[in-house]
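These notes concern the structure reproduced below.
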Amino acid sequence: MKWVCTSAWPYVNAIPHLGNMIGSVLSSDIFARYLRSKGEDVVFVSGSDMHGTPAAVAAKKQNITPDELTKKNHQIIKDLFEKWQISYDNYTQTHNPIHIKFVQEFYLEIQKNGFIFEKEIESFYCQHDSFFLPDRFIVGTCPYCGFEGARGDQCDSPACGKLLEPTELIRPRCNICGNEPILKKTNHWYLDFPKLENELEKFVKDNEIIPANARSACLNSIKEGLPERAITRDLEWGIPAPFKGAENKTIYVWFEAVLGYISAVKEWAEKIEKDKSKFEYFWNDKNTRSVYFIGKDNIIFHLLIFPGLILAYNKNKPEPERFELPYNVSSTEFLMYENDKFSKSRGKGIWIDEALELAPLDYWRFNLIFNRPEKSDTSFLWSEFQNNINVLNDVVGNFIHRTFTFIDRYFGGIVTPMGETDDADAIFLSSMKNIGSVVGDLIEQFELKKALKEVISIAREANVYLTEKAPWHLIKGDKEKTGHVLNICIQFVHNLGILLEPFIPDSSKAIFHYLNVNTEKERPKWPQISGTAIKAGHKIKKPKPIFQKLDVEDLKLKLKETRDAKAEKPEVSEIKKKQIVSYDEFKKLDIRVAKIIDAEPIAKTDNLVKLKIDLGFEQRTLVAGLAQIYNIEELKGKKIVVLTNLGSRKMKGVLSQGMLLAAVDDDGNVSLLTYDKDKEVKLGSKIE
RNA sequence: AGAGGGGUGGGCUAGCCUGGUUUAUGCUGCAGGGCUCAUAACCCUGAGAUCGUUGGUUCAAAUCCAACCCCCUCUACCA
């Protein structure tokens, strides 16, 4: 079986966020990696959607060409996907010659087949910007509620929210320059969807594996009647429409980006594989299954419009020239952020560039899949993130580490033979033997979340097995038996390396590294999931833990700091100004020399010390975080510098009447401030 | 308004299509115990849910039907 695996095309104007990632890109990556591991023939493509009004407008604002802007942004997204270890065979973009030519030829074919017609319409045109305005780029006063910022398609007032036609607006204005647009006649080319209704209905009904919710949405849509849809736009930034008389028009992005699924494979075959026949090999073969990973908002486009275009193209074509219809779509619900919508402007959400700064990639990949919105909208919750990663660490990571450590300690890192198996061994070994097909079947049913949970659950089984066998006792009496148990455990670790690869590839690599299996030469693959892959006599490497526990409070803080830093960057000089204090302000601080006369650690804390200090004129109690830096005896008798007029504060039940001053660097090194010992001064001397 | 999805122990979640072997699954958290090899980890036991509300169908409903309440999403020349 051959597979064309694809993910929805991200719009080039924005960095994708975690929700975009799990819905399409990451899910498809897991699927593609799994198929490759299984030994299937697969090509995995996607790309940036470069065209459309927002990119053109953004470019205009920055005073560069749309071409320059989108190329730059495309490169940023492409690099990020590489960092996310998305294993595209070709991540391209829609403004490349192969795609453009392909789209133009494709539409001429459809026209030849009688699915394109021309129609005159009236729409708003801005004379100042020389621009036909899409609905969203027209603002005006809502005729229903009087709200002034209503857009051409909908009134934005939360109280109203009514759907509008641009012509309904009172005093319409161009959203780019603010001038009043005029109505202008223009011709557009339409796709004759009603003509395709029957065939599309048949396609959806015959395809038994598309998800029930997607199917009902499509059939419903067909029942309501598919509208004729304009496929051209009066925009400069796009693919020139190839129709006669359509000079200066471009193809509407929705109607060309989806064709990228086909053209990206063409480009891959020609440019990367240097073998043109690979294109037909995938796209013109009945044995090819094409799968599409998308968010739920994209269902209609992938299950009606894209197949509709293919059907229109295939008409009157001989069998070998026809393109295959989609095999399945996997659509996810939406990912929310702490029960809120992702929103860049409100700072709600996490974007894939900042995620990489906060935690290892695999933690994000793991958490996103573990939490994949398969049934209903799901929230990214920080608390769940911590929870899930700790499960990964404790259940999977710790088992691996224990196994490695035992073998390293008891047997000098050498795997010893498996002996006679008893019942407990047999049960665990048989689970191990089945796990490959259990997890694989789930992935093939697009149940990625369940598949991953299945891996975790067999790791729990492994922990039970290890507890029952207790090699740390066994080693005292029966070394051979201990080796036997550890042999079984190491087989499981090897299996984990294979099972986890599609989900968290970096960690899989780490497992094989410590296992001392050279993945460069030949990566162990899905069919090798068994109970015998590691032979007796094999030597493993000195182990180190593969995962760490996660403290999300730190991450949240770090995220906030990086965002603040980014936001404040242009105003650095202002910050410096702010930090200047006047002498009068400094004088308000009462800083004095004092002597520590007694010190004792505070119970149930790691670092806090209770200090009794002498200021010469009075004695006070201070609390300071010093226990891990200085030892208690060392502190006694030291002369220190204290801020005495800081409001007192209770810490762990002890009242601290002041603050001891110390130097702290970025690495957490701490040094008490003291004064020049050669010049002795009285206790209580003021520092000025 | 129309269309689509959802409301299950403190938090998250499975089951719903194809009604009954489920005393409603699992994780986390909580309580108790065990182990002490490992990253305070691992293992065992326990408490905790009128499955949004109200009706209906049925011998039997979280699961099917109806009405209602609440939450989310989409509504096409926006990407």
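Numbers restart at 1 for each chain; the letters A, B, ... are given by sequence-line order, proteins then strands.
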Ranking Ala459(A) and Leu466(A) by the position along RNA chain B of their nearest nucleotide, the one closer to 5' is Leu466(A)
5' priority, RNA chain B, between Thr378(A) and Arg402(A) [closest heavy atom]:
Thr378(A)
So, is Ser123(A) near the phosphate of C77(B), with a side-chain N or O under 4.0 Å from OP1 or OP2?
no
If you compare every side-chain N and O of Lys450(A) against the phosphate oxygens of G15(B) (OP1, OP2), does one of them come in below 4.0 Å?
yes
Please give, in whole Å, the distance from [N] [atom2] to [X] [atom1]?
X	N	atom1	atom2	answer
Phe255(A)	A79(B)	CZ	P	11 Å
Glu374(A)	C17(B)	CD	C1'	16 Å
Phe380(A)	U13(B)	CZ	C1'	17 Å
Ile300(A)	U75(B)	CD1	P	11 Å
Tyr465(A)	C44(B)	OH	P	16 Å
Leu235(A)	A79(B)	CG	C1'	12 Å
Phe342(A)	U73(B)	CZ	P	13 Å
Asn20(A)	A79(B)	CG	P	16 Å

Please determine, by modelled atom types, if Asn371(A) and Thr378(A) share a side-chain donor-acceptor pair under 3.5 angstrom.
no
Flag for Gln491(A)-Asn487(A): side-chain donor and acceptor within less than 3.5 Å
yes
Let's see if you can work this out: which of [options] has an atom nearest to the side-chain heavy atoms of [X]?
X	options	result
Lys375(A)	G6(B), A79(B), C37(B)	G6(B)
Asn393(A)	C43(B), U39(B), C77(B)	U39(B)
Tyr252(A)	A79(B), C77(B), A14(B)	A79(B)
Asp49(A)	G5(B), A79(B), C37(B)	A79(B)

Which residues pass the ring pair (Phe, Tyr, Trp, His ring centres under 6.0 Å) test with [X], sequence neighbours left out?
X	answer
Phe334(A)	none
Tyr91(A)	His74(A), Phe81(A), Tyr88(A)
His95(A)	His51(A), Trp237(A)
Tyr465(A)	Phe428(A)

With rounding to whole Å, what would you report as the distance between [N] and [M] at their [atom1] atoms?
N	M	atom1	value
G46(B)	U25(B)	P	12 Å
A62(B)	G6(B)	C1'	14 Å
G7(B)	U50(B)	C1'	16 Å
C12(B)	C30(B)	C1'	16 Å
C17(B)	A66(B)	P	15 Å
A24(B)	G9(B)	C1'	11 Å
G15(B)	G32(B)	P	34 Å
A76(B)	G2(B)	C1'	14 Å

Decide yes or no, distance alone: a donor-acceptor N/O pair under 3.5 angstrom between the base of A76(B) and the side-chain of Trp254(A).
no
Taking any heavy-atom pair under 4.0 Å as a contact, classify [X]: base, sugar-phosphate, or nothing.
X	answer
Lys449(A)	sugar-phosphate
Phe547(A)	base
Ser383(A)	nothing
Pro545(A)	base
Arg409(A)	sugar-phosphate
His188(A)	nothing

If you take any heavy atom closer than 4.0 Å to RNA chain B, which residues from residues 481-488 of chain A end up in contact?
none
Between [X] and [Y], does the ring centroid distance fall short of 6.0 Å?
X	Y	answer
Phe193(A)	Phe115(A)	no
Phe399(A)	Phe492(A)	yes
Phe380(A)	His17(A)	no

Return the set of residues passing salt bridge (Lys or Arg N to Asp or Glu O under 4.0 Å) with [X] (not counting sequence neighbours), or none when no residue passes.
X	result
Lys556(A)	Glu553(A)
Lys476(A)	none
Arg402(A)	none
Lys184(A)	none

If you draw the axis of the six-membered ring of Phe243(A), does the NZ or CZ of Lys249(A) fall within 45° of it and under 6.0 Å from the ring centre?
no
Stacked cation flag Lys348(A) on Tyr337(A), 6.0 angstrom / 45 deg:
no
Per-nucleotide protein contact string for nucleotides 24-30 of chain B (B base, S sugar-phosphate only, - none; heavy atom under 4.0 Å)
---SS--
Quick test: give all pairs of protein nitrogen or oxygen and nucleotides 31-36 of chain B nitrogen or oxygen below 3.5 Å, distance rounded to 0.1 Å.
| residue | atom | partner | partner atom | Å |
| --- | --- | --- | --- | --- |
| U36(B) | OP1 | His473(A) | NE2 | 2.9 |

Nucleotide opposite [N] in a Watson-Crick or G-U pair, distances under 3.5 Å:
N	value
C68(B)	G52(B)
U57(B)	none
C42(B)	G34(B)

Could you run down the sub-3.5 Å N/O contacts of the protein with nucleotides 68-72 of chain B?
| residue | atom | partner | partner atom | Å |
| --- | --- | --- | --- | --- |
| C72(B) | O2' | Asp377(A) | OD2 | 2.6 |

